[in-house]
Amino acid sequence: MTDLNTLESDVLAQVARAADLQALDAVRVAAVGKTGSISGLLKTLGAMSPEERKTQGAAINALRDKVADAIAAKKAWLEAAELDARLASETLDLSLPAPHRRKGSVHPTMQTMDEMIAIFAEMGFAVAEGPDIEDDFHNFTALNFPEKHPAREMHDTFFFNTKENGERMLLRTHTSPVQVRTMVSQKPPIRIIAPGRTYRVDNDATHTPVFHQVEGLVIDKGIHMGHLKWTLETFLARFFETDAVTTQFRPHHFPFTEPSAEMDVQCDRSGGEIKIGQGTSWLEILGCGMVHPNVLRACGIDPDEYQGFAFGMGVDRLGMLKYGMPDLRDMWSSDVRWLSHYGFSAFAAPNAASGLS
Ligand code: PHE
């Protein structure tokens with residue numbers, strides 16, 4: 001009769017020695033495979049007396065289970081070691097330069113937006129956000145657009161289907177609803193910008209149905225037009241990285257500001273290019289004004305105590321001017337040649353310290 005203890009220590013020693021999965025499997029077949037040593041022992045049970053079978057059977061089965069457990073544990077260990085080795089050998093060094101693989105780039109609109117945020121952050125503005133799908137109250141009513149007033153038509157709004165309760169949601173036509181959301185949730189003093197996507201039914205060289213704005217809002221005691229003008233001029237000089245930007249303020253009308261103005265930047269649009277600081281064209285880049293007392297009141301702020309200014313800048317327009325892109329529609333064309341020409345490296349994130357562009 002084979003000594004079970006000897007067999008056990010033999011097999012377990014082989015399991016321990018198996019250096020890879022293949023060797024381990026050979027040990028398994030030799031011990032518990034069809035013609036293996038332990039399987040062979042089980043076959044001898046038939047010839048035993050019932051008492052002997054009882055004790056030997058239990059002992060052989062226990063041995064088989066023990067060996068099977070040891071093999072399973074070793075297998076798991078070998079597999080983990082194999083995976084570790086593979087991970088170690090397939091490590092990618094992401095810091096290595098890969099000049100021939102440079103495929104993706106940061107879209108100029110996003111680069112422009114990041115630059116604007118960096119400048120305003122430096123000037124002490126916090127970033128606020130609001131939803132793209134707005135209701136009538138935030139996009140129009142709280143901003144002093146009278147019911148049924150043609151000013152609402154001015155915005156060429158994309159509306160959703162009317163809901164059962166009669167409400168009709170819309171794609172925000174400007175970032176100004178974030179002014180309202182900020183003023184109802186925050187006490188003055190307020191100094192925020194609200195960058196985001198905006199939507200209007202419009203499409204030509206200087207208009208696309210989706211465009212981007214950066215809204216600005218400052219509410220405090222004693223705020224006046226001088227603060228507005230200084231803020232815009234300081235921003236533009238930083239943004240264009242030159243003091244040679246010529247701008248003009250044109251009187252305008254917005255229901256939510258009084259007085260209101262639009263600001264244009266002087267540029268040259270001849271020869272399929274766009275350049276700033278020269279030429280005979282003016283490109284409108286923003287709307288602005290002093291926050292209308294009705295808007296302050298609608299947001300629970302006393303206009304006798306607090307005043308403020310607001311502006312809404314066209315991000316895509318500012319990007320066009322800074323980076324010389326003559327047609328806004330190209331920004332949506334997904335033309336790889338255009339993107340690789342005007343796109344920015346993902347590693348060149350703008351910040352005030354290392355430079356903007
Ligand atoms: N919301 C206006 C627009 O989209 C811009 C604006 C913002 C004007 C804030 C005044 C104050 O045209």
Side-chain angles (χ1 to χ4, degrees), residues 113 116 120 125 127-132 134-146 149-158 170-183 190-202 204 206-220 223-232 235-236 247-265 282-296 298-299 301 303 306-318 328:
M113 190 102 111
M116 296 171 75
F120 280 116
F125 284 76
V127 171
E129 284 182 317
D132 287 19
E134 264 297 1
D135 52 27
D136 184 88
F137 176 77
H138 290 94
N139 198 80
F140 291 126
T141 306
L143 289 168
N144 198 36
F145 284 79
H149 191 275
R152 290 176 188 237
E153 309 296 312
M154 189 173 101
H155 276 207
D156 301 314
T157 313
F158 285 109
L170 50 89
L171 289 174
R172 65 177 178 192
T173 58
H174 49 179
T175 41
S176 301
V178 187
Q179 284 188 38
V180 177
R181 292 184 177 275
T182 305
M183 283 188 276
I190 292 171
R191 193 165 9 160
I192 56 114
I193 54 165
R197 269 190 296 270
T198 46
Y199 309 82
R200 285 183 211 174
V201 186
D202 223 344
D204 61 38
T206 49
H207 298 85
T208 50
V210 185
F211 56 108
H212 300 80
Q213 288 190 335
V214 168
E215 191 81 8
L217 175 71
V218 171
I219 306 283
D220 206 339
I223 296 291
H224 54 72
M225 281 291 270
H227 295 125
L228 169 62
K229 195 152 184 278
W230 179 87
T231 303
L232 295 176
F235 166 78
L236 289 173
T247 55
Q248 68 181 12
F249 249 158
R250 258 182 305 103
H252 196 71
H253 170 77
F254 297 106
F256 38 93
T257 45
E258 182 59 36
S260 305
E262 280 189 335
M263 191 184 250
D264 307 326
V265 170
W282 295 92
L283 187 70
E284 176 218 320
I285 52 156
L286 63 89
C288 62
M290 299 304 295
V291 180
H292 197 293
N294 286 351
V295 176
L296 293 172
C299 298
I301 294 175
Y306 288 103
Q307 300 75 40
F309 66 76
F311 55 83
M313 298 183 169
V315 178
D316 316 78
R317 299 269 185 98
L318 282 166
L328 262 193

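One-based numbering, in listed order, for ligands and for the atoms of each. FYI, side chains are in, hydrogens and waters are out, and symmetry mates aren't considered; it's all heavy atoms of this structure.
Every residue was checked against the salt bridge (Lys or Arg N to Asp or Glu O under 4.0 Å) condition with R317, not counting sequence neighbours, and none meets it. Every residue two or more places apart in sequence or in another chain that forms a ring pair (Phe, Tyr, Trp, His ring centres under 6.0 Å) with F311 is listed here: F120.
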### Task
Would you please test L232 and F249 for side-chain contact (heavy atoms from CB on, under 4.5 Å) and show each step?
CA-CA 11 Å; L232 295 176; F249 249 158; 4.1 Å; yes
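Considering backbone and side-chain N/O atoms, Q213 comes within less than 3.5 Å of an N/O atom of ligand 1. For ligand 1, the polar-atom distance check against T257 finds no nitrogen or oxygen pair separated by under 3.5 Å. For ligand 1, one of its N or O atoms has an N or O atom of R200 under 3.5 Å away.
Of the heavy atoms in H253, none comes closer than 4.0 Å to ligand 1. The backbone of F311, and not its side chain, has at least one atom closer than 4.0 Å to an atom of ligand 1 (non-hydrogen atoms only; backbone = N, CA, C, O). Within the 4.0 Å heavy-atom criterion, the part of S176 lying near ligand 1 is the side chain and not the backbone.
Within the set G289, G312, G216, the minimum heavy-atom distance to atom 5 (C) of ligand 1 is found for G312. Checking H174, E284, R172 against atom 1 (N) of ligand 1, the nearest heavy atom belongs to H174.
Taking every non-hydrogen atom of A310 and a distance limit under 4.0 Å, the qualifying atoms of ligand 1 come out as 9 (C), 11 (C). Within ligand 1, the atoms closer than 4.0 Å to a non-hydrogen atom of Q179 are 9 (C), numbered from 1 in the order shown. Near G287, the atoms of ligand 1 lying under 4.0 angstrom from a non-hydrogen atom of the residue are 6 (C), 7 (C), 8 (C), 10 (C). Heavy-atom contacts of F256 reach the following atoms of ligand 1: 1 (N), 2 (C), 6 (C), 7 (C), 8 (C), 9 (C), 10 (C), 11 (C) (cutoff under 4.0 Å).
Residue-ligand proximity: C288 is placed with a non-hydrogen atom under 4.0 Å from ligand 1. Distances shorter than 4.0 angstrom do not occur between any heavy atom of E262 and any atom of ligand 1. Ligand 1 has no atom lying under 4.0 Å from any heavy atom of H252.
Among T175, T198, T173, D316, the one residue that satisfies the side-chain hydrogen bond (donor to acceptor under 3.5 Å, both in side chains) test with Q213 is T175.
L328 and H207 make their closest contact through CD1-N, 3.8 Å (heavy atoms, listed as atom of the first residue, atom of the second, distance). In terms of heavy atoms, L143 sits closest to S176 at CD1-CB, 3.6 Å. Among all heavy-atom pairs drawn from L228 and A310, the shortest one is CD1-O, 4.2 Å. What you find for G130 and R172 is that their closest heavy atoms are O-NH1, 3.4 Å.
Taking the side chain as every heavy atom from C-beta outward, F254 and H292 never approach each other to under 4.5 Å. In this structure, Q307 and V291 have side chains that are not in contact, with every pair of non-hydrogen atoms separated by 4.5 Å or more.
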